Amino acid sequence: MTTTGLHRPAPGSLPPPAGTRLERAAAGWRLTRMYLVSRRVPMGLALLAGLGTLLWSSLHWHWNIAGGPAARLFIPLTIQAGAAAVVAVTTFGPFGEAERAAARRLPWLRLGTAVALTAVAFGTLAAGAAASGLPGGTLALLRNLGGMAGIGLLAAAAVGGAFSWTGPMAYLLITEGALAHGSATPWIWPARPPHDHGGAICACLVIAAGLVLITMRGPREWGHESGPAS
């Protein structure tokens, strides 16, 4: 007697159902929705819309602070840092990364969410600045916001998503100090002219590093080691 027949279905029974493409797509959508909701992405989108409105109001009603470059750029840079902080904080999930069971999809969810929110942040702020004109224009906005979002993602990997807002805010303070003292280093890219290549390269390096680290490692989770999904 062999064991071959033990794996054959009984006569008249149906074979076990195989997952269809539609079922796999539905499961992927459920995982994506769970990821986005647990990271409070809808709230993040509302905050970004509010920051875009705030930027429009500040430019339309000429909310200015008298003084040098540090004072004149304080309000728009603060709003940009706030948008970068929103992007970074949405890496935090209150229950940790429970989606690690879906190991192959988790890095793509991290990457896609970070890139999409950064793009939305840029779009909302650019729309808010379109009518009145932002100092430096949209090119400077893209450079400044992208670089600060990268700092936020690096902070999420280092100290956790819940505290990642400290990265863009600390960089804002450093930038204000550099503007006040006339610093010319390209690593303080908001202090550089809009078409400055050095500042653009530094900002691109920072956001690239932030995206790679948050995709591969994820935000730091206190109490256990974060790392690649396995």
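The shown structure was predicted, so the numbers you read here are calculated from the model rather than taken from an experiment. Note that these values count all heavy atoms, side chains included, but never hydrogens, waters or copies made by symmetry.
In terms of modelled atom types and a separation under 3.5 Å, the side chain of S164 and the main chain of A88 share a donor-acceptor contact.
Using a 4.5 Å cut-off between side-chain heavy atoms of Ile, Leu, Val, Met, Phe, Trp and Tyr, with links allowed through other members, L154 and I214 fall into different hydrophobic clusters. Tracing side-chain contacts under 4.5 Å through hydrophobic residues (I, L, V, M, F, W, Y), one reaches V87 starting from L47; they form part of the same cluster. When the side chains of ILVMFWY residues are joined at heavy-atom separations under 4.5 Å, either directly or via intervening members, L211 and I201 end up in two distinct hydrophobic clusters. Cluster annotation: M148 is not connected to F74 through the hydrophobic network of ILVMFWY side chains, with a link wherever side-chain heavy atoms come within less than 4.5 Å. Both F122 and L51 belong to a single network of hydrophobic side chains, linked directly or stepwise wherever heavy atoms of I, L, V, M, F, W or Y lie under 4.5 Å apart.
Between W189 and Y171, the distance from one ring center to the other falls under 6.0 angstrom.
Rounding to the nearest 0.5 angstrom, the gap separating the CG atom in L109 from the CG atom in L36 is 7.5 Å. With values rounded to the nearest 0.5 angstrom, T53 atom OG1 is found 13.0 Å from H60 atom NE2. Taking CG of L141 as the reference point, atom CG of L55 lies at 7.5 Å (rounded to 0.5 Å). The line from CZ of R110 to CG of L213 is 10.0 Å long, rounded to the nearest 0.5 Å. Expressed to the nearest 0.5 Å, how far CG of L125 lies from CH2 of W56 amounts to 15.0 Å. S57 OG to I79 CD1: the interatomic distance, rounded to the nearest 0.5 Å, is 8.5 Å.
Contact detail for A126 and T138: the closest heavy-atom pair is CB-CG2, 4.4 Å. Residues P168 and A81 come closest through the heavy atom pair CB-O, 3.7 Å. Across all their heavy atoms, A203 and R143 have their closest contact at CB-O, 3.6 Å. The shortest non-hydrogen separation linking L73 to P190 is CD1-O, 4.5 Å. In this structure, A85 and W165 approach most closely via the heavy-atom pair CB-CB, 3.8 Å. Of all non-hydrogen atoms in P135 and L59, the two that sit nearest each other are CD-CD2, 4.3 Å.
By the 4.5 Å heavy-atom criterion applied to side chains, P69 and R72 are counted as neighbours. Considering only heavy atoms from C-beta on, H195 comes within 4.5 Å of L139 through its side chain. Side-chain contact between R40 and F92 is present, with heavy atoms from C-beta onward closer than 4.5 Å.
Pairs passing the salt bridge (Lys or Arg N to Asp or Glu O under 4.0 Å) check and including a residue from residues 179-196, sequence neighbours excluded, read R192-D196. Applying the salt bridge (Lys or Arg N to Asp or Glu O under 4.0 Å) definition to pairs two or more places apart or across chains, none involves residues 156-181.
Just one of V86, V41, T91 meets the side chain to side chain contact (heavy atoms under 4.5 Å, CB included) condition when paired with L117; it is V41.
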Without placing hydrogens or testing angles, list every side-chain donor-acceptor pair under 3.5 Å for residues 178-186, not counting sequence neighbours.
unit_1, atom_1, unit_2, atom_2, d
H181, ND1, G177, O, 2.8
T185, OG1, W187, N, 3.3

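A cation-pi arrangement is present between R39 and Y35 under the rule of less than 6.0 angstrom and at most 45 degrees off the ring axis.
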- Message: As a quick check of understanding, evaluate side-chain contact (heavy atoms from CB on, under 4.5 Å) for M43 and V89, giving each step before the final call.
- Response: CA-CA 11 Å; M43 182 182 295; V89 168; over 6 Å; no
